[in-house]
Amino acid sequence: MEISKDLKDVMKALRLSGIIPTLSDRISYAVSKKLSFEEFLEMILFDERERRQARLLNTKMKKAGVDQDLKDYSWDTTTQYDRQLVRKLFTLTFVENRSSVLAYGPTGTGKTMLAKHLAFSALKAGYAVTFARADKLFKHLKLSTLDGTFERTIRSYIRPDILIIDDFAVREMTREEAGHFYEIVLERHGKKSNIITSARFPEEWQELFPDPILGNSALDRLAHSSYQIKMEGPSIREQNRPK
């Protein structure tokens with residue numbers, strides 16, 4: 001069925017242009033199934049709602065720094081970890097309880113992918129999420145001290161319901177970086193959730209802080225409010241490398 005230009009113009013004016021590409025097919029379906037006017041209207045409006053929700057989710061994912069082409073989370077890997085605990089994390093009760101997650105283990109065992117899928121689940125549930133690789137987070141904060149935007153920048157990391165710091169503790173931190181990390185942890189403790197991934201075990205993080213007292217204070221807060229996921233096994237990336 002051909003959709004008239006007038007109808008298209010009205011739908012565009014009402015910001016319902018997303019319905020146009022599938023409207024002919026939906027009309028044909030409604031006729032074949034003998035749907036009532038009410039059932040037809042309900043169907044196309046539900047279609048539009050789903051499109052808008054998908055578009056909003058994609059926007060949130062882009063803003064959060066999370067991949068927009070995530071596939072279903074794969075449980076079938078060679079990585080060894082507490083799958084029962086991770087399934088519990090996907091219920092997002094840790095966010096409701098303002099707890100955190102520490103995922104650690106050798107490179108390539110799926111820590112980042114787990115963090116991204118938890119972020120995706122949280123975004124779908126309506127939570128605000130920010131995903132940042134540790135080195136880029138510290139660089140962002142350092143630059144903000146130079147251009148006068150530090151307070152606004154650090155607030156952008158303190159504000160979200162979930163802050164994901166990926167690839168943490170790769171190297172020793174500078175005093176400035178340690179101070180920024182401490183402030184973020186301190187401000188978020190008991191109020192927001194964090195997800196931190198690292199190739200080092202948490203007990204190794206302490207030695208990367210120039211000030212041991214500052215490090216102990218930050219890490220003690222994290223350790224006593226976090227679920228810890230130890231991920232071990234051969235590199236998934238290595239297994240998926242082209243032969």
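None of these values were measured; they are calculated from a predicted model.
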Exercise. Take E39 and M43 through the test side-chain contact (heavy atoms from CB on, under 4.5 Å) and record every step on the way to the result.
Key: CA-CA 6 Å; E39 289 170 330; M43 179 175 64; over 6 Å; no
Quiz prompt | Pair R221, S217: side-chain N/O donor-acceptor within cut-off below 3.5 Å | solution = yes
Self-check item: Nearest atoms (heavy-atom pairs only) where I3 meets L7
Solution: CG2-CD2, 3.7 Å
Self-check item: Cluster check M173, V185: I/L/V/M/F/W/Y, side chain < 4.5 angstrom
Solution: yes
Practice problem: Using the six-membered ring of F46, assess whether NZ or CZ of R49 lies under 6.0 Å from its centre and within 45 degrees of the ring axis. | Solution: yes
Quiz item: Under a 4.5 Å cut-off applied to non-hydrogen side-chain atoms, are I184 and I154 in contact?
Solution: yes
Exercise. For the pair I19 and R51, evaluate side-chain contact (heavy atoms from CB on, under 4.5 Å) and give the outcome as yes or no after the intermediate values.
Key: CA-CA 9 Å; I19 294 175; R51 273 189 290 268; 3.4 Å; yes
Practice problem: Please say which of K142, K136, K139, R171 ends up in a salt bridge (Lys or Arg N to Asp or Glu O under 4.0 Å) with E177. | Solution: R171
Quiz item: Do you reckon F37 sits in the same ILVMFWY cluster as V10, going by side-chain contacts under 4.5 Å, direct or chained?
Solution: no
Practice problem: Would you please indicate yes or no on a ring centroid separation below 6.0 angstrom for F168 and F181? | Solution: yes
Practice problem: Would you confirm whether the ring centroid of Y157 sits within less than 6.0 angstrom of the ring centroid of H180? | Solution: no
Practice problem: Check the pair N194, I165 against side-chain contact (heavy atoms from CB on, under 4.5 Å), reporting the backbone distance first and the verdict last. | Solution: CA-CA 8 Å; N194 308 294; I165 303 179; over 6 Å; no
Quiz item: Are Y104 and L208 connected in a single hydrophobic cluster, I mean Ile/Leu/Val/Met/Phe/Trp/Tyr linked by side-chain heavy atoms less than 4.5 Å apart?
Solution: no
Exercise. Verify the distance criterion only: is there a donor paired with an acceptor across the side chains of D76 and S74 at less than 3.5 Å?
Key: no
Practice problem: Please check if the side chain of S226 supplies one atom and the backbone of S99 the other of a donor-acceptor pair under 3.5 Å. | Solution: no
Practice problem: Could you go through the side-chain contact (heavy atoms from CB on, under 4.5 Å) check for T153 and H140 one step at a time? | Solution: CA-CA 8 Å; T153 302; H140 189 198; 3.5 Å; yes
Quiz prompt | Chi angles and distances behind the side chain to side chain donor-acceptor pair (under 3.5 Å) call for D6, S4 | solution = CA-CA 5 Å; D6 288 343; S4 71; 5.5 Å; no
Practice problem: State yes or no: do Y127 and L114 share one hydrophobic cluster built from I, L, V, M, F, W and Y residues joined by side-chain heavy-atom distances below 4.5 Å, directly or via other members? | Solution: yes
Quiz item: Does the ring centre of Y182 sit less than 6.0 Å away from the ring centre of F209?
Solution: no
Practice problem: Report whether V129 and Y227 are members of the same hydrophobic cluster (ILVMFWY, side-chain heavy atoms less than 4.5 Å apart, transitive linking). | Solution: yes
Quiz item: Think R83 forms a cation-pi with Y81, using NZ or CZ under 6.0 Å from the six-ring centre and within 45 degrees of its axis?
Solution: yes
Practice problem: Decide whether a cation-pi geometry holds between K116 and F131; the criteria are a distance under 6.0 Å from NZ or CZ to the six-membered ring centre and an angle within 45° of the ring axis. | Solution: yes
